[in-house]
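These notes concern the structure reproduced below.
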Amino acid sequence: RVHKPTSGDRDARGTSLTAMPTVIGIRFKDSGKTYFFDPNNLTDLNQGDHVIVDTVRGPELAKVAYPPREVPQEEIVGELKPVLRRAEPADFERMRLLNARHDEVMARCAEKIREHGLPMRLVKAEYSFDGSRLTFYFTAEKRVDFRMLVRDLARTYRTRIELRQIGPRDEAKLLGG
């Protein structure tokens, strides 16, 4: 029988035989799920620090949920994306400016929904960190064909538009409930 190394096994010099990757816990929303990211050699990050991380959807502003630590390889699902850098005052200003348009964006989208006669209720609008994508969250009883609405909104805002249908529990989470 061949012995497979476990996390506690060490070689003669005391080096772990199963190298455990170092990760940092990141949250995108205060009450949201914690995701693992590669700290990318940024060692002085602490809980509560704001960082810019690379995601499949581009750079995003996030918060450190817990500082860098080693975890067993099997706890990592998929590829570890890197923390790009610490957030700077200009990053918060950019988000503030994008979020300042929230009410106007919501009103304009609600107007477009009425124009298209769609049976959906708008819940929230969110810009991505770099402003390249505008996501609208909505609730609806049934599936809604919103392709024409998306085209209309893309022309209006000159950015990539995403519409996400959410359920009542997601709505409560999004609105901080």
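Values below: every heavy atom of this structure, side chains too, minus hydrogens, waters and symmetry copies. By convention here, the first residue in the shown sequence is residue 1.
One finds a salt bridge joining Arg86 and Asp49 here, because a Lys/Arg side-chain nitrogen approaches an Asp/Glu carboxylate oxygen to under 4.0 Å. Using a cutoff of 4.0 Å between basic side-chain nitrogens and carboxylate oxygens, Lys81 and Glu60 are not scored as salt-bridged.
At least one donor-acceptor pair closer than 3.5 Å links the side chain of Ser128 to the backbone N or O of Arg133. Using a distance-only test at 3.5 Å, with no hydrogens or angles considered, no donor-acceptor pair links the side chain of Asp54 to the main chain of Pro82. Under the 3.5 Å distance criterion, the side-chain polar atoms of Thr34 are left unmatched by any main-chain donor or acceptor of Arg27. Distance alone, capped at 3.5 Å, places no donor-acceptor pair between the Asn40 side chain and the Leu42 backbone.
In this structure, Pro21 and Gln73 have side chains that are in contact, with non-hydrogen atoms separated by less than 4.5 Å. Looking at Tyr35 and Lys33, their side chains come closer than 4.5 Å, going by heavy atoms from C-beta outward. Under the 4.5 Å side-chain criterion, counting only non-hydrogen atoms from C-beta, Pro67 is not in contact with Leu45. Residues Leu97 and Asn99 fail the side-chain proximity criterion, which asks for heavy atoms closer than 4.5 Å. The shortest distance between side-chain heavy atoms of Leu163 and Met120 falls below 4.5 Å. A heavy-atom distance below 4.5 Å is found between the side chains of Phe136 and Ile161. Inter-residue side-chain proximity for Phe36 and Val71 is flagged as met; some heavy-atom pair is nearer than 4.5 Å. Counting only heavy atoms from C-beta outward, the side chains of His102 and Tyr127 never approach each other to under 4.5 Å.
A continuous path of Ile, Leu, Val, Met, Phe, Trp and Tyr side chains, each step under 4.5 Å between heavy atoms, connects Tyr157 with Leu118, placing both in one hydrophobic cluster. A continuous path of hydrophobic side-chain contacts links Val150 to Leu122 [ILVMFWY only; heavy atoms under 4.5 Å]. Cluster membership check: Met20 does not share its hydrophobic cluster with Ile76, using side-chain heavy-atom separations under 4.5 Å among Ile, Leu, Val, Met, Phe, Trp and Tyr. A single hydrophobic cluster is seen to contain both Met106 and Leu153, as judged by linkage of ILVMFWY side chains at heavy-atom distances under 4.5 Å, directly or through other members. When the side chains of ILVMFWY residues are joined at heavy-atom separations under 4.5 Å, either directly or via intervening members, Leu98 and Val51 end up in two distinct hydrophobic clusters.
Residues passing the salt bridge (charged side-chain N to carboxylate O under 4.0 Å, His left out) test with Glu93 are Arg96, sequence neighbours excluded. In terms of the salt bridge (charged side-chain N to carboxylate O under 4.0 Å, His left out) criterion, Arg108 has no residue partners (sequence neighbours excluded).
For the atom pair Asp130 CG and Arg57 CZ, the distance stands at 11.0 Å (nearest 0.5 Å). Here the CZ-CG distance, from Phe37 to Leu84, works out to 9.0 Å after rounding to the nearest 0.5 Å. Residue Glu115 holds its CD atom at 12.0 Å from CE of Met148, rounded to the nearest 0.5 Å. Between Ile26 atom CD1 and Tyr66 atom OH the span is 9.0 Å, to the nearest 0.5 Å. Atoms CD1 and CG, on Ile113 and Leu149 in that order, are 5.5 Å from each other to the nearest 0.5 Å.
What you find for Pro68 and Thr22 is that their closest heavy atoms are CB-CG2, 3.9 Å. Arg160 and Glu162 make their closest contact through NH2-OE2, 3.4 Å (heavy atoms, listed as atom of the first residue, atom of the second, distance). Of all the heavy atoms in Ala62 and Val53, the pair that sits closest is CB-CG2, 4.2 Å. Of all non-hydrogen atoms in Pro119 and Ala140, the two that sit nearest each other are O-CB, 3.5 Å. Closest heavy-atom contact between Ile24 and Asp38: CG2-C, 4.4 Å. A pairwise comparison of heavy atoms in Thr159 and Ser132 identifies OG1-O, 2.7 Å as the closest pair.
Taking the six-membered ring where tryptophan is involved, the planes of His50 and Phe92 are perpendicular, since the angle between them exceeds 60° and thus also 30°.
Exactly one of Lys124, Glu126, Gln165 qualifies for a side chain to side chain donor-acceptor pair (under 3.5 Å) with Tyr137. That residue is Glu126.
For residues 138-147, the side chain to side chain donor-acceptor pair (under 3.5 Å) pairs, not counting sequence neighbours, are Asp145-Arg147.
By the 6.0 Å contact criterion, CG on Asn41 is open, its count of non-hydrogen atoms from other residues, nucleotides or ligands being 12 or less.
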Self-check item: Phe138 and Arg121: CA distance, side-chain angles, deciding distance, side chain to side chain contact (heavy atoms under 4.5 Å, CB included) verdict
Solution: CA-CA 5 Å; Phe138 70 93; Arg121 189 175 66 79; 6.0 Å; no
